[in-house]
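By convention in this document, chain letters (A, B, ...) are assigned in the order of the sequence lines, proteins followed by strands, and residues within each chain are numbered from 1.
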Number of protein chains: 2
Amino acid sequence: MDLTSRTEHAGHTGRSCRPGPARDGRPLAALAGLLADGTRASVCLVLLDGRAWTAGELARAVGVTAATVSSHLDKLVAGGLLAEVRQGRHRYVRLAGPDAAQLIEDLSVHAGPPPRPRASLRSASAGAAMARARTCYDHLAGALGVAVTDALLERGLLQQSTGFAVTDTGVAWFADLGMDLSERSGRRPMARSCLDWTERRPHLAGRAGAALCTHALGSGWCERVGSRRALRVTATGREALAELLGMDVGATLSHTAGTA
Amino acid sequence: MDLTSRTEHAGHTGRSCRPGPARDGRPLAALAGLLADGTRASVCLVLLDGRAWTAGELARAVGVTAATVSSHLDKLVAGGLLAEVRQGRHRYVRLAGPDAAQLIEDLSVHAGPPPRPRASLRSASAGAAMARARTCYDHLAGALGVAVTDALLERGLLQQSTGFAVTDTGVAWFADLGMDLSERSGRRPMARSCLDWTERRPHLAGRAGAALCTHALGSGWCERVGSRRALRVTATGREALAELLGMDVGATLSHTAGTA
DNA sequence: CCCTCACTTCGACGGCCGCCGAAACGTCCG
DNA sequence: CGGACGTTTCGGCGGCCGTCGAAGTGAGGG
C-alpha cells in the first residue's frame, strides 16, 4: 500500500518524476514471479525443446498433479511466456517464441549450477566425445551444436565478434542447402549466440541456427531420440557433416544424453 | 487414478521418471525469486545506475522501512546479485557486476510496459530532442547513448552485425582518447548491445561502453545531475562530441530526465 | 562519556500461493 | 448412448514470505 501510493505518484508522470521516482519494479517482479516457482521453472525448461506438450505430459514430466500444472499453465500463458493451442480434449502449450526461449536460457545460465570447473573444455568438442547432441528450443545445442558452430567459424562461414555474424560466403553456403536466410522474420537476428548449460560455450542460434536445425532434422542428418530434446546423428548426417564442414563425428553419437 | 498412481510414482522417485530427467527448475526459480518481489525489483532497478547506495537511501527511494530493505539486501547479496561494502555504520550495496546488470536489464526489457507505440523513433535521436541522457549501470544510455552509438556506427568506428563490434579504426579512436580496450577484464566482451527501456533501441555497452562513459565523466563531457542516473552534457562535452564524432548536441541538454 | 544515527534482529501479523483430492466438464471412441 | 480420458474448477490445507514496530547493536561525534 505504501508501494501503491508511491507508484501512483510515479506512474502518472511516466518515468520523469523528481529525485526518487524509483521506477516501478512490479512489472519486472511479475515476470520474474512466473519463473520463481520450481514447478513452473521446470515446465519452462522442459519446453525449451521447442515443441508443444500437453498439460498431462508436463504434469508427469515434472511430477505434479494435472490440477497443479493446469493452474501453472494459466499463469504462464497469461504472462506471455507460453502460447497454447487447444485441440479436442488436449491443451498443447509451447514457449511463446524465441524471445521467451532466450529469456529462459539467459536466466538458466545465470542460475546455473555453481560454476563447476569443467574437465577439459576443448576435448568436449573434439569429435569422439560429442555424445551430447540435442536441441535448444529451435536450434542445435550440446556438444553437437558447439562443434557445428566451431566448424562454421573455422571455415569462415560464420564470424565471431560480440555475437555471431553470418559471412557472405556463409549466406551462400546456407543457400546452397536450400536455406534462405535473407527473409527476416520479425525482429529476430540472422545469427545470435546462445550459451547453453552443459557446454558453457556459445553456439549458433537465431534464424541461421533454427534453419540449420530444421534442415538437419528434415534431411535426415539427425533424428529425435525418445520424446525429449536428445538427438542422434545418423549415418547420412555423419557423411554430410564431414563433407560440408569437414567434421569428424565419432560413432559415439548413439548414446545421447537426457534419455534412457 | 491411473494418473494418480503414475504421479506418486514420479513423485517418489524424484523427477527421474524414465524418458525425462526434466532438469531441475529450482536453481532458476531461486534466481527468479530474487526479482519476483516488487520491492527487491525496485531496488535493483535503482542500482542500475551502477553506483553504491546505502541501505537507508534505498529504503527511502523505494518507500519501505529500513528493516524491510535490510532483509531484502540480505537475500540479494546471498543470491549473488548484489555486492556489499560495510563502512562504519553504513552498508553500501551495488550490483555485483556487469552480468547482474545485464540480467536485470534483459528482464526489464521483456517485462517492459506493454510495447507502447513510439512516436517517432528516428526523431528521438535527432539532436535537439536528445534531452534524456543518463547512465545505465556503467555506460551511456538514453537518447545520448543511442546518439553516440549512432555516430560511432556512422563513422565506421563501430560495426553492427548481431551485436556490436569495435572496428580497428575504432580501437585506434578509443586509444587516441587514452582508452585501451585491449585489456580484457574477465569474460566481458569489448562491445555489446544494450537495449534500454526508454529508447527501445540498442546502444553501446560492454568494455567500450564503460570506458567511454568513464571518459565522458572524467574529462568533463558530462556531469551527473542530482543523485540519480541523469546526466547533462557540458559545453566542453558538446564541443568534444561535435569535433570527435560530428554530433550536433542541442542546447536542450540542460533539462534531463529523472531528476528535477 | 553519552547521545545520535544507521542498521539489524526479533516477533507477530497478514496475505498470498502452491499443492492436492474430489468432482464437474467436454471430447473422443466404441 | 455410455464409458474412458484429458482437463478444469473448487475447496481447503499448509507453508512461506513481506511487512512493520520495537528493541538491540555498534560506530561516530560532540
Side-chain angles (χ1 to χ4, degrees), chain A residues 1-7 24-26 28-44 52-79 82 84-94, chain B residues 1-12 15 24-26 28-44 52-79 82 84-94:
Chain A
M1 47 135 167
D2 198 358
L3 188 82
T4 307
S5 63
R6 162 177 32 122
T7 308
D24 187 9
R26 283 177 300 180
L28 202 173
L31 175 60
L34 289 178
L35 297 171
D37 173 74
T39 302
R40 278 197 298 270
S42 293
V43 166
C44 290
W53 292 56
T54 68
E57 286 170 343
L58 288 171
R60 286 188 295 277
V62 304
V64 292
T65 305
T68 300
V69 98
S70 179
S71 76
H72 284 313
L73 294 183
D74 287 343
K75 289 171 182 142
L76 289 168
V77 169
L82 265 48
E84 69 179 9
V85 178
R86 307 249 176 181
Q87 238 174 65
R89 52 184 172 181
H90 292 284
R91 178 194 203 176
Y92 286 98
V93 291
R94 55 176 175 79
Chain B
M1 51 127 161
D2 196 358
L3 186 85
T4 308
S5 64
R6 255 182 299 179
T7 307
E8 283 174 4
H9 205 4
H12 288 171
R15 71 195 57 259
D24 187 9
R26 282 174 300 185
L28 201 172
L31 175 61
L34 289 178
L35 297 171
D37 173 73
T39 301
R40 277 197 299 270
S42 294
V43 166
C44 290
W53 291 57
T54 69
E57 286 170 343
L58 288 172
R60 285 188 296 276
V62 305
V64 292
T65 305
T68 300
V69 99
S70 179
S71 76
H72 284 314
L73 294 183
D74 287 342
K75 288 170 183 143
L76 290 169
V77 169
L82 264 49
E84 69 179 9
V85 178
R86 307 250 177 182
Q87 238 174 66
R89 51 184 174 181
H90 293 284
R91 177 195 204 176
Y92 287 97
V93 291
R94 56 176 173 78

Are OP1 or OP2 of [N] and a side-chain N or O of [X] less than 4.0 angstrom apart?
{"X": "Arg91(A)", "N": "dC5(D)", "value": "no"}
{"X": "Lys75(B)", "N": "dG18(D)", "value": "yes"}
{"X": "Arg40(B)", "N": "dG18(D)", "value": "yes"}
{"X": "Thr68(B)", "N": "dC20(D)", "value": "yes"}
{"X": "Thr65(B)", "N": "dT19(D)", "value": "no"}
{"X": "Ser70(B)", "N": "dT9(C)", "value": "no"}
{"X": "Thr39(B)", "N": "dT19(D)", "value": "yes"}
{"X": "His72(A)", "N": "dC19(C)", "value": "yes"}

Atom pair OG/CG of Ser42(A) and Leu58(A) - distance to nearest 0.5 Å: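 Reported value, rounded in 0.5 Å steps: 10.5 Å.
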
What is the separation between atom [atom1] on [X] and atom [atom2] on [N], rounded to the nearest whole Å?
{"X": "Gln87(B)", "N": "dC7(C)", "atom1": "CD", "atom2": "C1'", "answer": "15 Å"}
{"X": "Leu76(B)", "N": "dT8(C)", "atom1": "CG", "atom2": "P", "answer": "13 Å"}
{"X": "Leu58(A)", "N": "dG6(D)", "atom1": "CG", "atom2": "C1'", "answer": "13 Å"}
{"X": "Leu34(A)", "N": "dC17(C)", "atom1": "CG", "atom2": "C1'", "answer": "13 Å"}
{"X": "Arg26(B)", "N": "dG18(C)", "atom1": "CZ", "atom2": "C1'", "answer": "15 Å"}
{"X": "Asp74(B)", "N": "dA6(C)", "atom1": "CG", "atom2": "P", "answer": "19 Å"}
{"X": "Arg86(B)", "N": "dG28(D)", "atom1": "CZ", "atom2": "P", "answer": "14 Å"}
{"X": "Tyr92(A)", "N": "dT8(D)", "atom1": "OH", "atom2": "P", "answer": "13 Å"}

Shortest non-hydrogen separation from Leu35(A) to Ala41(A) and the atoms involved: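 That would be O-CB, 3.9 Å.
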
Minimal non-hydrogen separation, Ala29(B) against Asp37(A), with atom names: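 Of all heavy-atom pairs spanning Ala29(B) and Asp37(A), the closest is CB-C, 3.6 Å.
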
Touch class at under 4.0 angstrom, heavy-atom based, for Ala55(B) against every strand present: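 Result for Ala55(B) = sugar-phosphate.
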
Sugar-phosphate only, base, or nothing, as touched by Ala66(B) at under 4.0 Å among non-hydrogen atoms: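 If one applies the 4.0 Å heavy-atom cut-off, Ala66(B) turns out to touch a base.
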
Earlier contact from the 5' end, DNA chain C, for Gly38(A) and Gly88(A):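 Checking each residue's closest nucleotide, the 5'-ward one belongs to Gly38(A).
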
Pair of N/O donor and acceptor under 3.5 Å linking dC5(D) base with Arg89(A) side chain: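 Result: at least one qualifying N/O pair found.
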
Test item: Thr54(B) side-chain N/O and Glu57(B) main-chain N/O as donor-acceptor pair under 3.5 Å: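 Flag set: sc Thr54(B) to bb Glu57(B) pair under 3.5 Å.
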
Any donor-acceptor N/O pair, Arg40(A) side chain to Gly25(B) backbone, under 3.5 Å: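 Checked: no pair found.
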
Check against side-chain contact (heavy atoms from CB on, under 4.5 Å), Val43(A) and His72(A): CA-CA 9 Å; Val43(A) 166; His72(A) 284 313; 5.6 Å; no

Of the listed nucleotides dG6(D), dT19(D), dG18(C), the one nearest the side chain of His90(A):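 Closest nucleotide among those given: dG6(D).
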
